Amino acid sequence: MRLRFAPSPTGPLHIGGARTALFNWLYARHCGGVFVLRIEDTDRSRLVPEALDDIVSGLRWLGIDWDEGPDVGGPYGPYCQSERADLYRHWARWLIEQGQAYKCWCTSERLDMLRHVQHQEKGKVGYDRHCRRLDPTQVAQLESSGAPYVVRFKVPASGGTSIQDLIRGDITFQHEQLEDLVLLKSDGFPTYHLANVVDDHFMEITHIVRADEWIPTAPLHVLMYDAFGWKRPVYAHAPLILNPSGKGKLSKRTQAFTDEGQEVLVQLREFRRAGYLPEAVVNFLANVGWAFGDDQEVFTMEQATPRFELSDVNPAPARLPYSKLDWLNGVYIRELEPSRLATAAKPFLEAAGLPVDDGLLLKAIPLVRERIKTLREAVSWLDFLFIDQLAYDPSLLVENRVGPAGSLLALTRVREVLAALTDFETERLEAALRTLVADLGVKPAQLFGIVRVAVSGKTVAPPLFGTLGALGKDRVLARLDQAINLLSRLVM
RNA sequence: GCCCCCAUCGUCUAGAGGACCAGGACAUCGGCCUUUCAAGCCGGUGACAGGGGUUCGAAUCCCCUUGGGGGCACCA
C-alpha cells in the first residue's frame with residue numbers, strides 16, 4: 001500500500017488539508033504501507049514561496065511524518081511536480097499519438113464567450129469540442145502557425161464510468177456529462193489532472209484519499225488511467241469540512257467567531273498560534289468524520305492507527321466542533337508535566353511582552369494547569385507575576401460587606417501576619433490567614449478576595465496561597481503596601 | 001441550469017433489520033465541592049428531515065420529496 005498527500009503550495013496549510021493528510025497517514029500506517037508527500041506546484045501564477053515551509057512544518061508539528069518527499073527524497077522522486085515537467089509533456093504527446101488526446105487552439109476569449117452563451121441558454125456548460133473536430137489540414141495549418149495551444153483529453157462519446165470509492169461505494173457517471181478537460185496548459189505545464197494521474201501511477205500510489213470536492217473529476221482521472229493502460233487506484237473521498245454556519249466549505253473568515261464565541265480558525269498555523277497542542281489538534285481532527293470506537297474520544301495516533309479503516313469514515317460533510325477542541329486541549333494540558341507545560345507556555349507569555357522568569361513560571365504553572373484551555377490563556381492568568389507595578393481599580397479592594405474601612409483594616413492585619421512569617425510555604429500561609437479570618441470575624445471568601453486583588457490586581461486569579469508562595473515574601477509585602485496605600489486614599 | 005455527494009440530539013458522532021421508547025462526547029441547564037476561577041463528581045433537557053414501500057419487524061434496505069453541500073477554469 002502506498003498513499004500520498006499532495007498539497008498545492010498556494011498558501012498556508014488549511015485545516016481541511018491537514019485532516020486529509022492525517023487520514024492518508026493513518027491508513028498508510030495502519031497498512032504498514034508507505035506515506036508520500038508530493039508537492040503539486042504546477043500553477044506558477046498562484047505559487048507562494050513560503051507555503052511549502054508552512055506545509056512541511058505544519059505537518060511535522062502535528063506529528064505526521066512521511067517516508068518519501070521533497071525534503072527526504074526517495075526512490076520515486078523528484079517529489080515536486082515542477083521538476084517533472086518533461087514526464088507530463090511526454091505522456092501528453094503519447095496520448096495524442098494514440099488518438100486519445102488532441103491539441104486545442106481555442107482562445108480563452110472564445111471559451112468565455114461559449115460559457116456565457118451556455119449560461120444564458122441554461123443548457124449544459126462545458127467545452128464544445130470544437131478542436132476535436134478539426135480536420136488534418138486545419139490542424140497542420142494551426143500547428144505551423146505557432147499559435148499557443150492546450151492539449152485536451154478525448155472523453156469517450158458514450159457509455160459510463162464507475163469509480164471505486166471506499167467511503168461511498170461505487171459512483172457512476174455518464175460520459176455525456178463529462179468534459180474534454182485540459183491536460184497540458186499553453187505554458188507547457190500540466191494541469192492537476194494530468195500531473196496527478198501520471199505521478200500517482202509512477203509513484204505506484206494504490207489508494208487516493210482526498211477531499212469530496214474531487215468526486216466530479218474522478219471519472220475523468222479513471223478514464224485517463226484506462227487510456228494509458230495503467231492500473232486504476234482505489235479512491236476514498238473524505239467528507240468536506242464546512243463553515244460553522246454549515247453554509248459552504250470552511251473558508252477564510254466567513255465568520256470570525258462561532259455562535260459559542262470561539263474564534264473560527266482555518267489555517268493550521270492559526271491553531272498553533274492560538275495555543276492548541278498538536279496532540280489535541282490531531283485528536284480533534286481524527287474525531288471529525290471518523291470515530292475511535294468504544295465511546296472513546298481521547299486517544300493518541302498510535303492508538304488510532306490499528307483501528308483506522310477508510311470504510312469506517314462517515315461520508316457526511318461536517319463542521320468543526322471548535323468547543324470540543326477547547327475541551328480536548330484542556331485535557332491534554334492537564335496531562336502535561338509542569339515543566340513541559342511551562343516550556344510550551346513560555347513563548348506565549350513572551351509574545352505578550354512579559355519578562356518571564358523560568359523559576360517563577362515553573363512554580364506557578366501547577367496553579368493554572370487545570371484552569372487554562374489554551375496555552376495563550378496562560379498570559380491572562382499569569383501576567384501579574386511578571387509585572388512589577390500592578391495597575392488596577394482600587395475600588396476592587398473594597399469587599400462589599402466589609403466596607404472600605406473594614407477592608408483597609410483587614411489588609412493591614414494581613415500585612416502584619418505575613419510579615420511575621422518566616423516560612424512562605426502554602427500550608428503555612430493558609431493556616432495563618434485562616435486564623436486571621438477567625439480573628440476578624442469575616443468570611444474566608446471576603447478576606448481572601450481582598451488579598452487576591454491586592455496581590456494580583458484581579459478578582460479572578462490562581463489559588464491564593466500558592467500564588468503568595470510563588471510570588472515570595474518581599475513582593476507580597478510590597479503589593480500589600482501598595483494596596484494599603486491605594487485603599488487609604490480611597491477611604492479618606 | 002446540468003451532474004454528483006450527503007442527511008441521527010445545538011455540534012461531533014455510535015448505530016451496518018430485532019440487543020434502540022436510539023448510546024457517547026462537547027456545549028447547555030441544575031446540584032455537590034469550594035478562597036475567586038477552574039477541575040472533578042452527580043443529575044437534567046435534547047435527535048433518527050418528511051412521505052411511500054419491502055419485511056413478522058426499519059434509524060438501519062429501496063423509491064420519491066425536501067433540505068444541505070460539492071463540481072461545471074489553460075486552479076488545485
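Being a predicted model, the structure only gives us computed values, none of them experimental. Reminder, nothing fancy here: chain letters follow the sequence lines and each chain counts from 1.
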Taking the six-membered ring where the residue is Trp, are the ring centres of A:Phe308 and A:Trp290 under 6.0 Å apart?
->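 Between A:Trp290 and A:Phe308, which both carry aromatic rings, the centre distance is below 6.0 Å.
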
[M] and [N], which share atom name [atom1], separated by this distance in whole Å:
N	M	atom1	value
B:C64	B:A73	P	28 Å
B:A49	B:A58	P	15 Å
B:C48	B:G1	C1'	33 Å
B:A22	B:U60	P	15 Å

Is there a side-chain polar atom (N or O) of [X] under 4.0 Å from OP1 or OP2 of [N]?
X	N	result
A:Arg319	B:U11	yes
A:Lys373	B:A39	yes
A:Arg369	B:A39	no
A:Arg152	B:C74	yes
A:Arg115	B:C72	no
A:Lys185	B:A73	no
A:Asn287	B:U11	no

Atom-to-atom span, [atom1] of [X] to [atom2] of [N] - whole angstrom:
X	N	atom1	atom2	result
A:Asp170	B:C5	CG	P	11 Å
A:Asp212	B:C3	CG	C1'	14 Å
A:Gln81	B:C75	CD	C1'	13 Å
A:His237	B:G69	NE2	C1'	15 Å
A:Asp295	B:A14	CG	P	11 Å

Within the structure shown, what part of the strands sits under 4.0 Å from [X] by heavy-atom distance: base, sugar-phosphate, or nothing?
X	value
A:Ala445	sugar-phosphate
A:Lys443	nothing
A:Trp290	nothing
A:Glu179	sugar-phosphate
A:Glu297	base
A:Val288	sugar-phosphate

If you measure only the distance, is there a donor-acceptor pair under 3.5 Å linking the side chains of A:Asn243 and A:Gln255?
->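 There is no such pair between these side chains.
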
State whether A:Phe5 and A:Arg38 meet the cation-pi test: NZ (Lys) or CZ (Arg) under 6.0 Å from the six-membered ring centroid, and within 45° of the perpendicular axis.
->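 Judged by the rule (NZ or CZ under 6.0 Å from the ring centre, within 45° of its axis), A:Arg38 is not positioned above A:Phe5.
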
Honestly, is A:Arg129 close enough over A:Tyr127, meaning NZ or CZ under 6.0 Å from the six-membered ring centre and within 45° of the axis?
->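 That pair does not qualify as a cation-pi contact.
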
Could you let me know what B:C21 is paired to, Watson-Crick or G-U wobble, both distances under 3.5 Å, or none if it's on its own?
->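 In the structure as shown, B:C21 has no Watson-Crick or wobble partner.
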
Any ion pair linking A:Arg168 and A:Asp212 (charged N to carboxylate O, less than 4.0 Å)?
->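 A salt bridge links A:Asp212 with A:Arg168.
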
